[in-house]
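Here is the structure we will look at, set down as C-alpha cells.
Note: hydrogens, waters and symmetry copies are ignored here, and every other heavy atom, side chains too, is used.
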Amino acid sequence: MGDEVQLVSKVLVLDNSSECFGQIKQFCDQHGLVGLKVNSNNVMNVLSSNVDLGAILLSERYCKSLDDTMELAYQISEVRPELPIVLRRSSESNFDSLPEKQRKIFCRTYTIEDMSALQDVIDEYIFSLVYPNALVRGIAEMTLSVLGTQFKHLKASAETPYIVRDRIIFGEVFSLIPLESSWCRGYMMLQTEEDAVIEVLKLDDVIGGVDYATFRTVNDILGEVTNLTWGAFKTRFIADDDAGPGSTSQVPIVINHLHKCISFGSSNPQLCFKYTLLDEKIGHSISLYQRFVFNLSWSPEDFKEIQISTDDLVDSGELELF
Amino acid sequence: MAKILVVDDSNTVRDEVGGFLKKNGLDVITAVDGKDGLVKLKADPGIKLILSDVNMPNMDGLTMVEKIRSELKNSTVNIIMLTTESSPSMKERGKAAGIKGWIVKPFKGESVLETFKKLSA
C-alpha cells in the first residue's frame, strides 16, 4: 500500500439504462464507489450475498413499472434499512414531489443531468468520517502480520479498505473488543465463517497442538487473533500516556440472531477490511471481515501514530529480561 | 521435576505454549486466569516458573503477580509475562512486583527455550 489510502465503498447499481450507465460508472470511479450492476430478477439474492454495502442507486425505470420499482425499494428498505437508497428520476421532478410514503424510503433523488444530489449522499452517508491514512494503512499491516503468525501455512492478503453502512453480520462467528483512547471509543469486530476455518484446520497443521477442530477451536483462534490485533493497535496508535476517554458513557449493542444483524446504536458508516487466508496447495480459503465501529467517540484530529524509539524496541516474541 | 505454570485465558495459547514446552521436555501445568493461577501455585510448590498473560477475566496477570508477592512472601517463583501489552507503564508495574521478564506475543518458543529451562531448573 502506498502513502495515500483510497477508501472505497460498494454500492448496488439497479439501473438498466445503457445510456446512463456509463455516466453512473464514471461517477462511481471518480468518487471511490465500486458499483455492482444487478439484474432486476436477482436483486434480493445479490443483496443477501453482499453484506458490506454502502448504498443503493436505483432508477425509477428499473422494473417493468414504476409501481414495481417502488415495491422493490420497499422490500430493500425493509431488509436493509441502514442502506441509503438514492432514486434516479427521469424527469426534473425533485425529492419533495415524491409521495410522503416514498420520501421515507429514499434519502434523495437525482437525475443523470444533475448528479450533485448523489454527490451529497456519498458525502453525507458514506464518506462522512475522516480516517487518517496512517491508521488505515497501519491496521491492514498489523492485522496481516498477526494473521501471518497465527496461520503460518496460509497466504494472507487484504483487499482495499472500504466503508460500509450495512449492519449485517458475515459468517457465523464474530468477536468484539473495545478500543478506548482520547481520540477514539468504539469496537473492533472480526467476523468469519466457521466451516471455512474448520476445513483449513482439518487439512493442515495450522495451529500447533490442535488435534481436531471444533467450533470451540474456531472461537479460540478468532479470540487470539482479536487479542493480538488489539495489542498491536494499542502499541501503534494509543500512547502510553494517553489520557484515555474523557467519558464512560456506553450504549447497548443489540444483536439480532434471526436477521444476523448487529447495531451499535449509531448510524455512522464503519471502516471495513476484508482479508483472505489462502491455502495455496489445496485452494481452500478463509474470509475474515474486520470492522472498526467508533460509535462512542471519534476525534481523528487527535490521532497520532506512536513513534517507537529503536532503543526501546524489543521484537515481538523476544524475551526482555529485567 | 521443576514445573512451568502457563496462565492464559486463551485455549489456543495454552495449547501452543504448553505443547511446545512439553515437546521440549518440560513439565507444564496450565491455568485459565489469574485466580486459577494463584490457586495452582499455592497447591504446587514444584512450580519454578510462571508464564502469564496480562489481560484475563476474573483476575488479570499483574494482579496475580502482586498477590503472589503479598500472599506468598517466601515464594521464589520466577515470573515472565507473555502478553500483547507493551506499554512501559505496565512493564514498570510488573517490574515493581518483581517479574523477571516480558514477552510481547506472538510466542516464539525457540528463541526463549533455553532461558525458560534455566529459570525453571
From [X] [atom1] over to [Y] [atom2], what is the distance, rounded to the nearest 0.5 angstrom?
X        : Y        : atom1 : atom2 : result
B:Lys105 : A:Thr149 : NZ    : OG1   : 11.0 Å
A:Leu319 : B:Phe116 : CG    : CZ    : 6.0 Å
B:Ser86  : A:Arg236 : OG    : CZ    : 12.5 Å
A:Gln150 : B:Glu16  : CD    : CD    : 6.0 Å

Answer with side chain, backbone, both or neither: which region of [X] has an atom nearer than 4.5 Å to a non-hydrogen atom of chain A?
X        : answer
B:Ser111 : side chain
B:Asp9   : neither
B:Ile80  : side chain

Using side-chain heavy atoms (C-beta onward) and a distance below 4.5 Å, is [X] in contact with [Y]?
X        : Y        : value
B:Asn11  : A:Glu224 : no
B:Trp102 : A:Leu321 : no
A:Phe322 : B:Glu92  : no

With chain A as the partner, which of B:Gly109, B:Ser10, B:Pro88 has the greatest number of non-hydrogen pairs under 4.5 Å?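 Ranked by heavy-atom pairs under 4.5 Å with chain A, first place is B:Pro88.
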Do A:Glu320 and B:Val104 pass the side chain to side chain contact (heavy atoms under 4.5 Å, CB included) test, and can you show the C-alpha distance, the side-chain angles, and the key distance before you say yes or no? CA-CA 9 Å; A:Glu320 183 181 5; B:Val104 176; over 6 Å; no
Does one side chain, of A:Asp240 or B:Ser87, offer a donor that lies under 3.5 Å from an acceptor on the other?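 On atom types as modelled, these side chains qualify, holding a pair under 3.5 Å.
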State whether the number of non-hydrogen atoms from other residues, nucleotides or ligands found under 6.0 Å of [X] atom [atom1] is greater than 12.
X        : atom1 : result
B:Lys35  : NZ    : no
B:Lys100 : NZ    : no
B:Lys95  : NZ    : yes
B:Lys67  : NZ    : no

Between A:Leu228, A:Val146, A:Thr229, which has the largest tally of heavy atom pairs under 4.5 Å with chain B?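 Most heavy-atom pairs within the cutoff with chain B belong to A:Leu228.
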Just one of A:Asp220, A:Thr217, A:Val225 clears the side-chain contact (heavy atoms from CB on, under 4.5 Å) bar with B:Thr12, so which one?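 Only one option passes, and that is A:Asp220.
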Please collect all side chain to side chain donor-acceptor pair (under 3.5 Å) contacts where either partner lies in residues 171-183 of chain A, sequence neighbours excluded, each pair once.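 Listed by first then second residue: A:Ser175-A:Thr226, A:Glu180-A:Arg185, A:Ser181-A:Trp183, A:Ser182-A:Asp242.
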